[in-house]
Protein chains: 2
Amino acid sequence: MKSVPRAQDVANLAQVSQSAVSRTFTPGASVSDDTRRKVLAAAQKLGYRPNALARSLITRRSRIVALVMSYLENQFYPLVIEKLSRKLQAEGYHVLMFISEMDEAADGVLAEILQYQVDGVVMASAMLSESLAQRCSDLGVPVVQFNRISDLRGLARHSASSVTSDNYAGGRLAAKLLVERGYRHIAFLAGLEDSSTSLERERGFVDGLAASGLSVFRRAVGRYRFDGAQEATRELFAQEPPPDAIFAANDHMAIAAMDVLRLELNLEIPRDVGVIGFDDVPEAAWGSYRLTTLRQCVEPMVDATARLLCEQMAAELCPRDVVVPCELIERASIRQRQRG
Amino acid sequence: MKSVPRAQDVANLAQVSQSAVSRTFTPGASVSDDTRRKVLAAAQKLGYRPNALARSLITRRSRIVALVMSYLENQFYPLVIEKLSRKLQAEGYHVLMFISEMDEAADGVLAEILQYQVDGVVMASAMLSESLAQRCSDLGVPVVQFNRISDLRGLARHSASSVTSDNYAGGRLAAKLLVERGYRHIAFLAGLEDSSTSLERERGFVDGLAASGLSVFRRAVGRYRFDGAQEATRELFAQEPPPDAIFAANDHMAIAAMDVLRLELNLEIPRDVGVIGFDDVPEAAWGSYRLTTLRQCVEPMVDATARLLCEQMAAELCPRDVVVPCELIERASIRQRQRG
DNA sequence: TTGAAAGCGCTACCAG
DNA sequence: CTGGTAGCGCTTTCAA
């Protein structure tokens with residue numbers, strides 16, 4: 001265990017000042033080619049790497065972004081971690097994970113985040129309160145809410161940016177499609193009652209049914225959990241007459257529902273019951289499910305998140321809301337379009 | 001955007017020295033109750049939080065642990081992120097994510113990791129070379145290899161600790177179980193050819209079959225990918241006679257195989273073909289699969305990882321290897337034990 | 001372009 | 001127990 005070399009060690013070896021070493025490793029600083037060469041050679045020899053912490057202390061930019069999530073059971077979120085990390089790494093940032101209990105007070109997490117002097121925060125946990133975002137903003141730390149918004153009505157100008165897919169349009173489309181395929185007793189399987197995603201999808205869904213003169217036939221709450229969704233599905237089918245279709249607030253719950261439908265209730269999908277989900281997680285494409293779903297396009301969503309973050313970290317830009325279109329992925333969990 | 005308060009600001013307000021403020025926020029430092037009260041009151045009023053970066057510069061401990069992964073398609077890894085983050089958060093550490101390309105040279109990642117002065121590294125990427133671990137160790141940064149080991153033979157004392165499940169025993173048990181249930185033409189679906197997990201599971205499996213006078217009936221490589229495993233399964237069944245059982249190096253591939261078996265080849269599981277996986281990811285329990293598998297106990301594995309890391313970060317302890325037992329989870333993808 | 005010097009915010013070591 | 005002082009490793013003035 002040899003001690004880590006400092007800039008001064010490199011300077012000594014290269015016979016230049018420590019400042020020259022610093023400049024060599026600062027993009028855009030003015031150093032002569034000659035000096036730079038000497039420094040680089042010495043640095044190479046010693047295995048020198050600038051200490052990012054010391055640098056951050058001066059520049060007041062840590063190049064660290066906090067990512068707050070609460071549970072990774074839904075495969076959508078791991079994909080976000082992966083793609084967001086890659087994206088930010090490419091921009092010279094790194095992701096510091098904060099896993100929060102679903103019911104945890106925002107304050108504890110906030111305190112920890114702020115201690116690390118993060119340059120930005122991405123909140124992808126469905127649960128954390130608006131106050132956290134508010135307080136980060138007050139301190140000048142940009143916040144992007146991922147896949148959630150804080151104020152549905154948009155009355156007050158909120159303090160954080162947001163990136164969501166067009167949940168309302170997705171919900172509407174789901175309704176339209178199910179009606180078009182001949183389903184009439186259509187149930188909604190809600191996620192978390194107070195999550196903006198579930199709420200918006202339901203709003204679109206209700207409006208979409210209304211456009212065909214229908215209303216939601218039955219409704220249950222799965223809380224975005226597998227078990228919760230299975231229980232909710234049983235509820236949905238406990239009374240006569242049963243629904244003939246389910247729109248679930250996400251794929252994870254839709255899949256749980258399909259298992260109950262087929263294995264417990266002996267119903268055939270899509271003949272007896274049609275199912276539509278939301279997200280297009282990898283599992284939705286698996287042969288045993290072939291779930292028709294509204295894809296949340298992770299790539300564009302993550303790109304927008306990184307862009308908003310970088311913009312706001314660079315300048316003092318106003319928070320913005322980005323809405324990414326959903327994409328209908330039709331598979332085999334609803335009846336085919338009628339021919340002729 | 002008000003400026004962030006520093007320790008000196010708190011000291012001024014509380015009418016004490018800046019040192020007193022520092023001590024108040026240093027666990028185990030000697031401060032009188034009176035001083036502490038004054039400081040805490042002032043800190044509260046200003047919303048003061050110590051700057052973790054400045055602290056780290058002095059203490060030479062960043063309380064940051066790097067977590068290196070390469071892909072999160074296999075749901076086992078998100079679980080690890082979640083549990084490891086929680087665990088380390090509880091110990092006052094935080095996880096900085098590094099997503100590496102599978103084929104990426106270790107050097108780029110290493111340089112980034114070291115710049116952040118992380119206190120430790122967890123490598124859960126199946127791909128990164130041993131050299132990365134070696135070099136971190138040389139610099140005095142403890143490394144724990146998660147779910148992989150570098151030197152199968154253990155000839156040289158390696159430079160990193162490791163936490164694995166008992167892959168060999170698991171492989172052996174899978175073989176024993178399949179034979180016991182009457183399967184005789186048993187195929188192995190390998191992960192990555194050069195990953196220690198796949199290799200060890202296969203070794204145990206081969207030995208387990210040998211104990212019953214059998215050998216591996218056929219073998220294909222799925223590279224731990226869903227598509228790869230589907231393709232490999234088709235290969236396995238392309239020749240006559242077909243296998244009557246598959247042991248897959250992980251659940252993710254086992255599930256892919258089940259889809260091909262049932263939906264493309266019209267085979268019935270477990271009657272025509274038995275399937276055993278490895279990991280016990282949540283999907284293995286889903287009603288459509290009910291996969292019999294060897295559980296890698298994430299909780300104990302993560303606990304061991306955190307413990308090894310903390311031990312080595314605290315003292316200069318030698319790297320150790322921890323092997324966590326697997327647990328057989330029997331579901332419906334192999335034939336039941338014969339009665340009578 | 002370069003080197004000397006002043007700190008970033010904090011901890012750790014003193015002497016009292 | 002307390003306050004003063006040195007300095008972690010670096011960036012960034014400033015004068016040369």
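Proteins get letters first, then strands, A, B, ... in listed order; numbering begins at 1 in each. A quick note: this is a predicted structure, and the numbers were derived from the prediction, not measured.
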Tell me which pairs pass ring-ring contact (aromatic ring centres under 6.0 Å, His included) where either residue lies in residues 4-56 of chain A, with sequence neighbours left out. A/F25-A/Y48
Is [X] reaching over with its side chain to a backbone N or O of [Y], donor-acceptor style, under 3.5 angstrom?
X: B/S161; Y: B/R320; answer: yes
X: B/S196; Y: B/I149; answer: yes
X: A/Q145; Y: A/A160; answer: no
X: B/D119; Y: B/S62; answer: yes

Please, which pairs that meet side chain to side chain donor-acceptor pair (under 3.5 Å) have at least one residue in residues 31-41 of chain A, sequence neighbours excluded? A/S32-A/T35
What pairs meet the side chain to side chain donor-acceptor pair (under 3.5 Å) rule with one or both residues in residues 108-117 of chain A, with sequence neighbours excluded? A/E112-B/H94
Which salt bridge (Lys or Arg N to Asp or Glu O under 4.0 Å) pairs, counting each pair once, include a residue from residues 60-80 of chain B, with sequence neighbours left out?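 Matches after skipping sequence neighbours: B/E73-B/R225.
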Specify the residues of [range], ordered by number, for which at least one heavy atom lies under 4.0 angstrom from an atom of DNA chain D.
range: residues 12-21 of chain B; answer: B/V16, B/S17, B/S19, B/A20
range: residues 53-60 of chain B; answer: B/L57, B/I58, B/R60
range: residues 22-46 of chain B; answer: B/R23, B/S30, B/V31, B/S32, B/T35

Opening and closing nucleotides of DNA chain D in contact with chain B, under 4.0 Å to non-hydrogen atoms: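 With heavy atoms of chain B under 4.0 Å away, the range is D/dC1 to D/dG9.
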End-to-end bend of the helix from C/dT1-D/dA16 to C/dG16-D/dC1 (five-pair axes, 10° rounding)?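 So the angle between the two local helix axes works out to 40°.
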Evaluate the side-chain contact (heavy atoms from CB on, under 4.5 Å) criterion for residues A/L72 and B/L72: first the C-alpha distance (whole Å), next the side-chain angles of each, then the deciding distance (0.1 Å), finally the verdict. CA-CA 11 Å; A/L72 306 180; B/L72 306 180; over 6 Å; no
How close do [X] and [Y] get, counting heavy atoms only, and between which atoms?
X: A/S165; Y: A/V323; answer: C-CG1, 4.0 Å
X: A/S162; Y: A/L308; answer: O-CD1, 4.0 Å
X: A/V4; Y: A/D9; answer: O-OD2, 4.4 Å
X: B/I99; Y: A/S85; answer: CG1-CB, 3.3 Å
X: B/C297; Y: B/P300; answer: O-CD, 3.2 Å

Could I get the full list of salt bridge (Lys or Arg N to Asp or Glu O under 4.0 Å) partners for A/D303, not counting sequence neighbours?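 With sequence neighbours excluded, A/D303 shows a salt bridge (Lys or Arg N to Asp or Glu O under 4.0 Å) to A/K87, given in chain and number order.
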Under the rule for salt bridge (Lys or Arg N to Asp or Glu O under 4.0 Å), what residues qualify as partners of A/E91, not counting sequence neighbours?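 In terms of salt bridge (Lys or Arg N to Asp or Glu O under 4.0 Å), with neighbours along the sequence ignored, A/E91 is linked to no residue.
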Are the side chains of A/Y77 and A/N147 in touch, meaning some heavy atoms are under 4.5 Å apart? yes
Under 4.0 Å from any heavy atom of chain B: name the first and the last nucleotide of DNA chain C that qualifies, 5' to 3'.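 Counting from the 5' end, contacts occupy C/dG9 to C/dC13.
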